[in-house]
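Naming: A, B, ... by sequence-line order, numbering from 1 per chain. Note that the coordinates shown come from a computational prediction; the quantities given were computed from them, not determined experimentally.
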Amino acid sequence: MRFAPSPTGRTHLGSGRTALYNYLLARQTGGQFILRIEDTDQKRYVPGAEEELMEGLRWLGLSWDEGPDVGGTFGPYRQTERRDLYKKYARQLIENGNAYYCFCSQTDEAQNPTDKQKRQHRDICPNRELPLAKADTRIASGESHIIRFKMPREGNITVTDAIRGDITVENSTLDDYVLVKSDGLPVYHLAVVIDDHLMQITHAFRTSEWLPTFPLHGHLYNAFGWEQPIWVHPSIFLKPDGKGKMSKRDTEDMLNEGKSIFLGDFEKMGYLPEAVVNWAALIGWSYDDKTEFFTLEDLVKKFSIEKLNPSPAAINFSKLDHFNGLHIRALGVDDLAKRIRPFFEQAGYQVHYEHTLQQVAEVLQIRLGTLAEAPEKGGFFFKDEIHPDAEMLIGKKQTAAESLAMARRIEALIQSLPDFSEDTANQPLRDLATELELKAGHVFGFLRNALTAQKVSPPVFETMIIIGREKVLERIRYAVDALEKLASISPG
RNA sequence: GCCCCCAUCGUCUAGCGGCCCAGGACGUGGCCCUCUCAAGGCCAAAACGGGGGUUCGAUUCCCCCUGGGGGCACCA
């Protein structure tokens, strides 16, 4: 198995999924997972892309057995470092009569833009039947040249995709594809065939956008007399609305909406690698008619090529959120604590006590869609003081004075409790509400606002225990002061 | 324009001739639980694109149409 990306930009979720499938099958069968960098396009090469790619794969938990950084028996694993190999094999094709040197310039072809759609290069090239000796002479004289595949004019070819079956194409619809560029580097088609053969690749995964040139690869294998790997073309991803595949513009719009399909962005958005793996695996693949929650280990056991779906699939971000929630809840509390810590710290909160963080993690666990929500939902736990608006402290259908009276009673009650726990405080607080002819919601609502300055929060008792009685009383006193000021302005 | 691929709820999908008046999940709506918010539980609405065949019987097999997607570079 190999994953062979090109370092020409940021790594997409689609690449992540292809890498995942490679990884799963390799681990399942005890095979090797090879990372090969296809960097033959020097013009589009993006520095740093290779690093981001590897970081993304590592983050997902996909480790490779051979690759540019770890080496291996079939190296080198960067195609620009393999250029001499390709030359040798290209020459072999020429000598076999399966390819030829072409001296047509790019401008020659560009001169006939209208013809280009109708006429194939094979019909207009004067070099196709040029004797090899003559071509060699021209090359020796320094003439710029490329190498093209000599596509048969007649007949057809059948190639086999593992999820679609046989695909037969008339050779007449195929052209003399360029195999080696004038810079001496091979084009993808040639390099992938040679490398996959030399690296003894058994399964070649690539998305279905490669289907159109699939027949050429079959021809190349035949020309070399090599046995083909099992080809697997998973479907491409469509935009969330299902209308077409993701364009550069679409990914930018997505970023503006706080969404992204770049592997490098998921972590800071608060997604778990476990969730991204689970989510991505299920876009175009399924296990059965009900199971959807999978860990990476589950997937290693259960992945199968047979269950891959050939249809294009729209990306569904709400499903990612769902899986993220499931995986957050599946985490151990200490693990979750570890993972939310950086988000609190980035938001400017000081996490002084590991014990408090653990308690916060426990109470937030069922309330988090993403880890990034932790500060907004639980930041108040780490603040020294809470300053809610006085207006917020007034209960429904209450005056400031009434709320103040209630607040003073609550303060006194909590102060007087022999123990401070839900068991000891719950009933007395409810009784207080009854006595004041209020609803329990008034009492809890006041406490929630006074303690968190938020209209929604974890349950009041759990919150109070974590904050601690001393700080609870401090925060209530602040609230009482605020209400006093308000009540003195607008009495009644 | 040419070539290729695909076709079940809005979305991701199960279904490989009768188990299907089509199952699961996300999302949506409702109810329960409840100190808010969640989580959880229950319920609901929601699909086999159309037409021909084959067959005792088609969502499932074949053909056509339609629709969707991809590709037509000295990019991958």
Enquirer: Strictly below 4.0 Å: does Lys181(A) bring a side-chain N or O up to OP1 or OP2 of A76(B)?
Expert: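 Result: yes.
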
Enquirer: Provide the distance between the two P atoms, one in C56(B) and one in A47(B), to the nearest whole Å.
Expert: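 C56(B) and A47(B) have their P atoms separated by 32 Å.
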
Enquirer: Whole-Å distance between A22(B) P and Asp289(A) CG?
Expert: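 In whole Å, A22(B) P lies 15 Å from Asp289(A) CG.
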
Enquirer: At under 4.0 Å between heavy atoms, what does Lys43(A) touch on the DNA or RNA strands: base, sugar-phosphate, or nothing?
Expert: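 Touches sugar-phosphate only.
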
Enquirer: Nearest to the Lys319(A) side chain among C26(B), U13(B), U36(B), which nucleotide is it?
Expert: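 Ranking C26(B), U13(B), U36(B) by closest atom to the Lys319(A) side chain puts C26(B) first.
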
Enquirer: Can you find a side chain N or O atom of Arg430(A) that sits less than 4.0 Å from OP1 or OP2 on C35(B)?
Expert: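 It does, given that an N or O in the side chain of Arg430(A) lies less than 4.0 Å from OP1 or OP2 of C35(B).
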
Enquirer: Let's test this: given Watson-Crick or G-U wobble pairing with both distances under 3.5 Å, identify the partner of A44(B).
Expert: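 Per the H-bond distance test, U28(B).
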
Enquirer: In the strands shown, is U55(B) matched to any nucleotide by a Watson-Crick or G-U wobble pair with both distances under 3.5 Å, and which?
Expert: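 Checking every strand shown, U55(B) finds no partner, since no pair has both distances under 3.5 Å.
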
Enquirer: Side chain of Ser6(A) only, heavy atoms from C-beta on: which candidate in U13(B), A76(B), G71(B) is closest?
Expert: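 Looking only at side-chain atoms, Ser6(A) lies closest to A76(B).
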
Enquirer: Over all strands shown, is Gly369(A) touching base, sugar-phosphate only, or nothing at heavy-atom distances under 4.0 angstrom?
Expert: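 The answer is nothing, as Gly369(A) stays clear of every strand by at least 4.0 Å.
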
Enquirer: Nearest to the side chain of Arg329(A) - A39(B), U13(B), A76(B)?
Expert: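 Nearest to the side chain of Arg329(A) among the choices is A39(B).
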
Enquirer: What is the distance, rounded to the nearest whole Å, between atom NZ of Lys245(A) and atom C1' of A76(B)?
Expert: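 One finds 10 Å between C1' of A76(B) and NZ of Lys245(A), rounded.
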
Enquirer: Touch check for Ser235(A), heavy atoms < 4.0 angstrom, all strands: base, sugar-phosphate only, or nothing?
Expert: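 Result for Ser235(A) = nothing.
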
Enquirer: Mind checking Ala314(A) for me? I need base, sugar-phosphate or nothing, with any heavy atom below 4.0 Å counting as a touch.
Expert: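 Answer is sugar-phosphate: Ala314(A) comes under 4.0 Å of backbone atoms only.
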
Enquirer: What does Pro458(A) touch in the nucleic acid at a heavy-atom separation under 4.0 angstrom: a base, only the sugar-phosphate, or nothing?
Expert: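 Result for Pro458(A) = base.
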
Enquirer: Report the relative orientation of the aromatic rings in Trp210(A) and His217(A); use parallel for angles under 30°, tilted for 30 to 60°, perpendicular for over 60°.
Expert: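 Plane angle between 30° and 60°, so tilted.
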
Enquirer: If the threshold is 4.0 Å, N to carboxylate O, is there a salt bridge linking Asp334(A) and Arg339(A)?
Expert: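 Not counted as a salt bridge, because no side-chain N and carboxylate O are separated by less than 4.0 Å.
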
Enquirer: What does C72(B) pair with, Watson-Crick or G-U, if both distances are under 3.5 Å?
Expert: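 The base-pairing partner of C72(B), which may sit in any strand shown, is G1(B).
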
Enquirer: Using a 4.0 Å heavy-atom cut-off across all strands, classify Val460(A) as base, sugar-phosphate, or nothing.
Expert: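 If one applies the 4.0 Å heavy-atom cut-off, Val460(A) turns out to touch a base.
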
Enquirer: Output yes when at least one side-chain N/O atom of Lys290(A) is less than 4.0 Å from OP1 or OP2 of G23(B), else no.
Expert: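 Answer is no, no contact under 4.0 Å.
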
Enquirer: Looking at A14(B), which nucleotide sits across from it as a Watson-Crick or G-U wobble partner, both distances under 3.5 angstrom, or is there none?
Expert: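 When the pairing criteria are applied, nothing turns out to pair with A14(B), so the answer is none.
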
Enquirer: Round to the nearest Å and state the distance from Asp161(A) atom CG to G69(B) atom P.
Expert: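 Result: 21 Å.
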
Enquirer: Tell me the interatomic distance from Asn171(A), atom CG, to C2(B), atom C1', rounded to whole angstroms.
Expert: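 One finds 16 Å between C1' of C2(B) and CG of Asn171(A), rounded.
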
Enquirer: Where the side chain of Ile167(A) is defined as all heavy atoms beyond and including C-beta, which of G24(B), C4(B), C74(B) is the nearest nucleotide?
Expert: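 Selected nucleotide (nearest to the side chain): C4(B).
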
Enquirer: When you compare C9(B) with C21(B), how far apart are their C1' atoms, in angstrom units rounded to a whole number?
Expert: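 15 Å, rounded to whole Å.
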
Enquirer: Please determine if a side-chain N or O atom of Thr40(A) lies less than 4.0 Å away from the OP1 or OP2 oxygen of A76(B).
Expert: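 Indeed, a polar side-chain atom of Thr40(A) lies that close.
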
Enquirer: With side chains defined as the heavy atoms from C-beta onward, is the minimum distance between Leu296(A) and Glu274(A) less than 4.5 Å?
Expert: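 A side-chain contact under 4.5 Å is absent here.
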
Enquirer: As a test of reading the structure: which of A76(B), C12(B), G70(B) is closest to the side chain of Ile236(A), going by heavy atoms?
Expert: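 Selected nucleotide: G70(B).
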
Enquirer: Which nucleotide sits closest to the side chain of Glu38(A): C35(B), G27(B), A76(B)?
Expert: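 Comparing C35(B), G27(B), A76(B) against the side chain of Glu38(A), the answer is A76(B).
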
Enquirer: In this structure, are over 12 heavy atoms from other groups packed under 6.0 Å from Lys239(A) atom NZ?
Expert: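 It does: Lys239(A) NZ has more than 12 such atoms within range.
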
Enquirer: Under 3.5 Å, is there any donor-acceptor pair linking the side chain of Ser182(A) to the base of C74(B)?
Expert: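 A donor-acceptor contact between them is present.
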
Enquirer: Starting from P on A39(B), measure out to CD on Glu362(A) and report it in whole angstrom.
Expert: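 It is 18 Å, rounded to the nearest whole Å.
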
Enquirer: Can you tell me how far P of A39(B) sits from CG of Leu336(A), to the nearest Å?
Expert: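 After rounding, the gap between these two atoms is 15 Å.
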
Enquirer: Where the side chain of Asn316(A) is concerned, which of C74(B), G40(B), C26(B) is the nearest nucleotide?
Expert: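 That would be C26(B).
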
Enquirer: By nearest atom, which of the nucleotides C26(B), G70(B), C37(B) is closest to the Glu209(A) side chain?
Expert: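 Of C26(B), G70(B), C37(B), G70(B) is nearest to the side chain of Glu209(A).
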
Enquirer: For the pair Asp84(A) and Lys88(A), find out whether any cationic side-chain nitrogen is under 4.0 Å from an anionic carboxylate oxygen.
Expert: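 Between Lys88(A) and Asp84(A) there is no salt bridge, as every charged N stays at least 4.0 Å from the carboxylate O atoms.
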
Enquirer: Let's see if you can work this out: which of C12(B), G15(B), A76(B) has an atom nearest to the side-chain heavy atoms of Asp41(A)?
Expert: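 Taking heavy atoms from C-beta onward, the closest nucleotide is A76(B).
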
Enquirer: Mind checking if Lys307(A) touches a base, just sugar-phosphate, or nothing, with heavy atoms under 4.0 Å?
Expert: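 It contacts sugar-phosphate atoms only.
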
Enquirer: If you assign Thr168(A) and Pro240(A) each to the RNA chain B nucleotide with the nearest heavy atom, which residue ends up on the more 5' nucleotide?
Expert: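 Taking each residue's closest nucleotide, the earlier one in sequence belongs to Thr168(A).
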
Enquirer: Output all residues satisfying side chain to side chain donor-acceptor pair (under 3.5 Å) with Lys377(A), sequence neighbours left out; order by chain, then residue number.
Expert: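 For Lys377(A), the residues satisfying side chain to side chain donor-acceptor pair (under 3.5 Å) (neighbours in sequence not counted) are Glu373(A).
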
Enquirer: Which whole number of Å gives the distance between the P atom of U66(B) and that of G10(B)?
Expert: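 Comparing P positions in U66(B) and G10(B) gives a spacing of 23 Å.
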
Enquirer: Side chains of Tyr21(A) and Pro234(A): closer than 4.5 Å at any heavy-atom pair?
Expert: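 SC-SC contact between Tyr21(A) and Pro234(A) confirmed.
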
Enquirer: What's the CG-P distance between Leu53(A) and A76(B), to the nearest Å?
Expert: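 Result: 17 Å.
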
Enquirer: Taking the C1' atom of each, how far is C3(B) from A46(B), in whole Å?
Expert: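 Going atom to atom, C1' in each nucleotide, I get 37 Å.
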
Enquirer: Salt bridge or not between Lys245(A) and Glu209(A)? Use side-chain N to carboxylate O under 4.0 Å.
Expert: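 Yes, Lys245(A) and Glu209(A) are salt-bridged.
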
Enquirer: Would you classify Phe461(A) as touching base, sugar-phosphate or nothing, given that sugar-phosphate means primed atoms plus P, OP1 and OP2, and contacts are heavy atoms under 4.0 Å?
Expert: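 Answer is base: heavy atoms of Phe461(A) come under 4.0 Å of a base.
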
Enquirer: Can you figure out which of A7(B), G24(B), A76(B) approaches the side chain of Tyr188(A) most closely?
Expert: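 Given the options A7(B), G24(B), A76(B), the side chain of Tyr188(A) is closest to A76(B).
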
Enquirer: Between Asn156(A) (CG) and C3(B) (P), how many Å, whole number?
Expert: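 Computing the Asn156(A):CG to C3(B):P distance gives 15 Å.
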
Enquirer: Would you mind telling me which residue lines up with the more 5' stretch of RNA chain B, Ser144(A) or Glu422(A), judged by nearest nucleotide?
Expert: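 So the residue in question is Glu422(A).
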
